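The model shown is predicted, which means the values in this text are computed figures rather than measured ones.
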Amino acid sequence: MLKKKLKKIKTEVYALGQHISMSAHKARRVVDQIRGRSYEETLMILELMPYRACYPILKLVYSAAANANYNMDSNEYNLVISKAQVSEGTATKKLKPRARGRSFTIKRPTCHITIVVKDISLDEYLEVDFLDSLRCSKKLKSKNKYTPMAYHDMYTNGGVWDKK
């Protein structure tokens, strides 16, 4: 009797956009609308919403779908936005000249947006024979203990000279 072992398969792919120049609060109201929806529905929502945050999020959704197509060879019809989060980035600071030689700092907020896409057609776990997984996990050891080393000549390589 062969034992079956479950092996986890990667079904999620992400795209990350960093230092996008908008506040995290404004990006979150768009991201909250697309979380948990399918890929095609997400594209329609983002193209029709009137917010400025939609364009960089739309680019990230396209990028996550392209990553899923390239890495997992998955179809766009099977993709779902499993996670979408927005975190605050560093604020860029500019100086605005004011009266009497003074300056005033202007802080432009930035945010980091992460879109995680999951392929629902793939199962997360794959059944593998227990004996096969043991054979794959053991490393093959060679009988020769010593590995051949390349000869290093310090005079031809321009190495360290003797200091007297």
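Taken to the nearest 0.5 Å, the OG1 atom of Thr42 stands 4.0 Å off from the CD1 atom of Ile81. Rounding to the nearest 0.5 angstrom, the gap separating the OH atom in Tyr51 from the CG atom in Leu46 is 12.5 Å. Between the CG atom of Asn78 and the OG1 atom of Thr11 there is a distance of 12.0 Å, given to the nearest 0.5 Å. The SG atom of Cys111 lies 11.5 Å from the CD atom of Gln85; values are rounded to the nearest 0.5 Å.
Around CZ of Arg108, the count of heavy atoms belonging to other residues, nucleotides or ligands within 6.0 Å does not exceed 12.
Under the 3.5 Å distance criterion, the side-chain polar atoms of Asn67 are matched with a main-chain donor or acceptor of Tyr14. No donor-acceptor pair closer than 3.5 Å links the side chain of Ser63 to the backbone N or O of Lys59.
The side-chain contact (heavy atoms from CB on, under 4.5 Å) check on Glu76 picks up Tyr39, with sequence neighbours excluded. Under the rule for a side chain to side chain donor-acceptor pair (under 3.5 Å), the partners of Glu41 that lie at least two apart in sequence or sit in another chain are Arg37. In this structure, the side-chain contact (heavy atoms from CB on, under 4.5 Å) partners of Lys83, at least two apart in sequence or on a different chain, are Glu12, Val116. Qualifying side-chain contact (heavy atoms from CB on, under 4.5 Å) partners for Leu95, counting only residues two or more places apart in sequence or in other chains: Ser103, Thr105. Residues satisfying the side-chain contact (heavy atoms from CB on, under 4.5 Å) test with Asp73, not counting sequence neighbours, are Asn69. Under the rule for a side chain to side chain donor-acceptor pair (under 3.5 Å), the partners of Arg35 that lie at least two apart in sequence or sit in another chain are Asp32.
Counting Ile, Leu, Val, Met, Phe, Trp and Tyr side chains that sit under 4.5 Å apart, directly or through other members, Val80 shares a hydrophobic cluster with Ile120. Hydrophobic side-chain contacts under 4.5 Å tie Val13 into a cluster, directly or through other members, with Met72, Leu122.
Contacts classified as salt bridge (Lys or Arg N to Asp or Glu O under 4.0 Å) and involving residues 84-106 (residues at least two apart or in different chains) are not found. Note on residues 63-110: no pairs pass ring-ring contact (aromatic ring centres under 6.0 Å, His included), not counting sequence neighbours.
In plain terms, the two heavy atoms of Thr110 and Ala91 that are nearest each other are OG1-N, 4.4 Å. Taking all atoms of both residues into account, the shortest heavy-atom contact from Glu47 to Leu58 is CG-CD2, 4.3 Å.
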_As a quick check of understanding, evaluate side-chain contact (heavy atoms from CB on, under 4.5 Å) for Leu79 and Ser74, giving each step before the final call._
CA-CA 8 Å; Leu79 298 178; Ser74 62; 3.8 Å; yes

Could you list the donor-acceptor pairs under 3.5 angstrom formed by side chains in residues 16-28, with sequence neighbours left out?
unit_1 : atom_1 : unit_2 : atom_2 : d
Ser23  : OG     : Lys26  : N      : 3.4
Arg28  : NE     : Val86  : O      : 3.3
Arg28  : NH2    : Val86  : O      : 3.2

